[in-house]
Amino acid sequence: MPQPCSVSTSLPLLSHVLHELVETSDQNHLTLDDYLKMGGLEQAIEQSAEKAFAESGISEEACRQLFVQLVDVAQDAQPTRRVAKIAHPNDDTEAAISAFAAHRLLTTDYDTVSISHEVLLSAWPRLVTWVDDGRVALVAVNRLRSAAKLWDQVGRDRDTLLRGGQLCAAEEVAANPNSNARLSELDHQFLAACQLAATEQLAEERRQLSRRMSSQANLLFDKSANLSAQIALAAHETTATTESRSAIIRATSPLPGSRHLCGPGPAVLATALGQATVAFSKPDKPHIHVIKLPTTGHDQAQALPKPSNQPHTTALAITSNGDLVAHGSADGTIHLLDIAVPGQPVMFDTDVVLDTDHVLDGPINALLFSQRAGHVFATGGNGGTACWNLKDRQDPQPCGMIPTPGTTLSLSIGTVRLWILDGQRPAPQVVLADTAVPTMGGAAGVEPPAVNLAFSSCFRLLAVTSESGNTTIFDVSSPAKLQTLARFRSGSSFAHEVAFHPSRPTLAVGNADQSTSLWDLGQPSDPQLLAHLPGATGNTMAVAFNTNGNLLAVGTTSGMVSIWDTTMVSEPVLFAQFRSTERGVYALAFAPGQQILTGSGPNQSLFHWTIDEDAAVSLIQGAVGDPLTMVERRQHLPEHESQ
């Protein structure tokens with residue numbers, strides 16, 4: 001027996017039946033037989049829908065894909081019709097829309113389509129089955145659409161984004177072509193925002209984990225360098241952070257290649273970093289050490305015997321190509337050692353000793369080779385600066401004396417720049433000398449007590465730091481006349497170290513207030529602050545740019561080393577920061593290839609770190625053996641990392 005119909009469904013059904021009777025009848029009046037042939041109210045729409053489906057000539061799946069876009073389903077509620085925008089209909093979709101619209105079951109309006117009578121959702125069994133089978137997906141679509149609307153209404157607040165299981169369900173909706181077709185541009189924007197937030201959250205969780213692992217590596221560094229290195233590797237593999245990068249760089253220091261040269265006490269150090277060579281001597285030791293800095297993680301060292309009966313070492317110099325060492329002593333003598341062939345040092349028969357007209361009174365204060373090693377310069381206790389021609393290294397010839405007091409030498413192309421600290425004068429002086437004669441050139445006073453100096457790459461500018469806290473910029477392009485261009489204060493305490501960028505008019509100044517500042521000297525008379533780098537604990541005692549100028553290394557009295565990425569000099573970024581094995585870092589320099597940073601401290605330890613991350617990882621992997629075991633992970637790593 002037919003089930004009674006409600007008013008809301010009866011009228012649409014009756015309307016549809018009457019329309020179909022008119023369309024199909026070939027008589028001038030409607031008969032009961034015609035009505036019965038159509039199946040009555042219950043089967044009228046079903047027959048029309050099935051007829052339209054047959055006339056469309058499309059597959060059931062293609063028809064289903066169209067109609068599920070025209071239905072809304074809420075949780076535990078009856079399905080309702082919805083207006084859908086069909087942006088790019090294919091042939092099957094167009095055929096279905098045309099057939100069902102002809103039977104007044106679909107209504108079209110420009111690029112939208114909707115079901116004409118909601119009664120179709122209950123009267124057409126095929127559609128009822130489609131909706132029931134896809135109810136879960138349809139509910140998920142509605143949830144996503146509702147969440148997207150809320151997100152947009154509250155100003156796209158991140159707190160309204162989907163996470164966890166809800167996001168997974170939304171992604172399944174988007175992955176289903178049928179469900180995806182129901183999503184609007186707003187829905188896609190919302191889902192993309194959810195996925196981005198989830199990715200950022202995961203990345204942040206991995207960064208936090210990597211930082212905790214890096215901290216654990218640092219805590220174990222003094223107890224077990226190998227275990228510390230393995231944990232540093234695990235941290236870096238989790239994700240690359242400044243902390244994990246710092247941990248793996250620090251881990252390269254105690255690996256093969258680093259050495260303690262001798263115990264505490266004064267020592268003399270000379271470098272030829274163009275060839276990654278360091279010469280080292282300690283007063284109470286009978287040897288001069290020459291070390292080839294590692295480029296692959298291993299160094300080569302040779303001990304050169306000092307001349308017999310020679311007083312202790314007071315000065316060392318090494319040529320830029322690392323083939324010749326000059327050794328000065330307390331008795332004013334200088335010896336040359338040929339170290340061109342590793343392991344086969346040659347001491348020349350003739351000592352370089354000044355003649356009676358050019359005697360330096362007292363110990364050799366400083367030694368320096370000219371750029372092409374054609375000359376060697378020395379300062380002595382009487383303040384004079386002497387020069388020898390090294391055309392014949394077996395028989396160096398004196399070629400002049402600069403009668404000025406000096407303690408430190410710095411060399412430029414064709415000109416010796418002397419930094420004069422004369423205790424007998426009211427104030428220290430900067431003096432230029434022409435090496436071709438040689439004769440003294442111009443001079444200018446600097447603020448006492450002066451601390452350090454540096455020349456720009458073009459040797460036109462000279463920067464001198466002082467305990468007064470000021471840094472002075474000189475124009476030294478004319479050796480006969482020094483011109484003071486500017487004097488500025490770089491920090492709240494006295495200025496220690498200074499270094500010029502190798503290719504830009506940028507100056508780095510390290511201060512006793514634990515900071516380092518970068519200054520623009522594009523207009524040398526008006527230095528402009530580019531950036532103020534927050535320092536680690538301790539006074540800044542060393543600053544050094546690499547050859548490219550994209551890295552700046554800073555060392556402090558606390559033993560901390562900070563490496564800054566200065567690709568954008570106005571916006572430097574911390575690249576790595578770690579503690580050395582020394583109580584202080586007083587000198588830093590980058591070796592060739594930019595992969596090695598070399599430093600020294602108060603206890604005469606020479607240490608170096610591999611800066612390149614990939615090289616550091618390879619070095620550690622080749623040195624510390626097998627990866628961490630599960631027992632070690634559970635014991636030393638954060639709990640959820642070892643699970």
Side-chain angles (χ1 to χ4, degrees), residues 271-274 276 320 371 410-413 415 417 419 430 451-466 470-477 483-491 495-511 514-536 540-556 561-577 585-599 609 611-612:
T271 61
L273 291 175
S320 60
Q371 187 182 37
S410 180
L411 186 67
S412 70
I413 301 174
T415 304
R417 263 72 160 155
W419 180 32
V430 173
V451 179
N452 216 326
L453 84 169
F455 286 93
S456 61
S457 58
C458 64
F459 298 103
R460 187 176 71 86
L461 300 178
L462 170 67
V464 180
T465 58
S466 169
N470 289 331
T471 299
T472 305
I473 306 298
F474 295 94
D475 183 342
V476 294
S477 56
Q483 180 182 0
T484 302
L485 298 178
R487 182 172 286 123
F488 62 92
R489 192 171 185 85
S490 56
H496 264 154
E497 273 292 318
V498 62
F500 274 93
H501 191 283
S503 59
R504 297 178 179 176
T506 302
L507 184 71
V509 183
N511 282 79
Q514 306 180 12
S515 71
T516 302
S517 52
L518 295 175
W519 296 82
D520 182 4
L521 297 184
Q523 294 183 354
S525 60
D526 185 24
Q528 296 294 315
L529 179 64
L530 289 171
H532 191 80
L533 309 180
T540 300
M541 297 298 293
V543 291
F545 283 102
N546 66 354
T547 304
N548 295 336
N550 62 334
L551 292 177
L552 173 67
V554 178
T556 71
V561 177
S562 303
I563 303 176
W564 294 86
D565 184 339
T566 52
T567 304
M568 296 288 292
V569 291
S570 60
E571 298 179 6
V573 177
L574 186 62
F575 178 79
Q577 188 174 75
V585 177
Y586 292 92
L588 289 169
F590 286 91
Q594 318 303 322
Q595 292 189 358
I596 303 294
L597 175 65
T598 303
W609 303 274
I611 303 303
D612 181 86

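The model shown is predicted, which means the values in this text are computed figures rather than measured ones.
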Next on the checklist: Applying side-chain contact (heavy atoms from CB on, under 4.5 Å) to Thr516 and Val509, what does each step give before you reach the verdict?
Outcome noted: CA-CA 6 Å; Thr516 302; Val509 183; over 6 Å; no
Checklist entry - Which atom names give the shortest non-hydrogen contact between Gly522 and Asp520, and what distance separates them? => result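 So the minimum-distance heavy-atom pair works out to N-OD1, 2.8 Å.
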Item to check | Arg489 (side chain) donor-acceptor with Gly491 (main chain) under 3.5 angstrom | outcome: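 Yes; judged by distance alone, with no hydrogens or angles, the pair exists.
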Checklist entry - Does the Ser456 side chain pair with the main chain of Leu461, one donor and one acceptor, at a distance under 3.5 Å? => result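 Yes, the answer is positive, given that a donor and an acceptor are paired below the 3.5 Å cut-off.
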Checklist entry - So do the side chains of Thr540 and His496 get within less than 4.5 Å of each other, counting heavy atoms only? => result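 Answer no - side chains too far apart.
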Next on the checklist: Working to the nearest 0.5 angstrom, can you tell me the gap between Gln577 CD and Thr556 OG1?
Outcome noted: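 Here the rounded value is 8.5 Å.
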Item to check | Rounded distance (nearest 0.5 Å) linking atom CG of Asn550 with atom CZ of Phe575 | outcome: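 Answer rounded to 0.5 Å: 9.0 Å.
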Checklist entry - Which atoms form the tightest heavy-atom contact between Ser490 and Ala495, and what is the distance? => result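 Looks like OG-CB, 4.0 Å.
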Checklist entry - Taking Asp475 for the side chain and Gln483 for the main chain, is one N or O donor matched with an acceptor at less than 3.5 Å? => result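 No: the side chain of Asp475 does not pair with the backbone of Gln483.
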Next on the checklist: Which residue is it: Leu507, Leu529, Asp526? I am looking for the one with a side chain to side chain contact (heavy atoms under 4.5 Å, CB included) to Phe488.
Outcome noted: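 Among Leu507, Leu529, Asp526, the one meeting side chain to side chain contact (heavy atoms under 4.5 Å, CB included) with Phe488 is Leu507.
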Checklist entry - Considering all heavy atoms of both residues, which atom of Thr465 and which atom of Glu497 are nearest to each other, and what is their separation? => result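 For Thr465 versus Glu497, the nearest heavy atoms are CG2-O, 4.1 Å.
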Item to check | Heavy-atom pair with the smallest gap, counting every atom of Val561 and Val585 | outcome: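 In this case the closest contact between Val561 and Val585 is CG2-CG2, 3.8 Å.
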Next on the checklist: Using only atom types and a distance under 3.5 Å, with no angle test, would you say the side chain of His501 pairs donor to acceptor with the backbone of Gly549?
Outcome noted: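 Yes; at least one donor-acceptor contact below 3.5 Å.
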Next on the checklist: Thr472 vs Arg487, test: side-chain hydrogen bond (donor to acceptor under 3.5 Å, both in side chains). Steps then yes/no.
Outcome noted: CA-CA 4 Å; Thr472 305; Arg487 182 172 286 123; 3.0 Å; yes
Next on the checklist: Quick one, Arg460 and Pro524 - any side-chain contact, counting heavy atoms below 4.5 Å?
Outcome noted: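 Side-chain contact under 4.5 Å: yes.
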Item to check | Considering all heavy atoms, the nearest Val543-Val554 contact | outcome: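 Heavy atoms only, the tightest pair is CG1-CG2, 4.2 Å.
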Checklist entry - Taking all atoms of both residues into account, what is the closest heavy-atom pair of Ala508 and Phe545, and its distance? => result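 Reported closest heavy-atom pair: CB-CE1, 3.8 Å.
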Next on the checklist: I'd like to check Pro502 versus Asn548 (side-chain heavy atoms, cut-off strictly below 4.5 Å). Are they in contact?
Outcome noted: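 They are not in side-chain contact.
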Checklist entry - Any side-chain donor paired with an acceptor under 3.5 Å for Ser562 and Trp564? => result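 Note: Ser562 and Trp564 side chains miss the donor-acceptor criterion.
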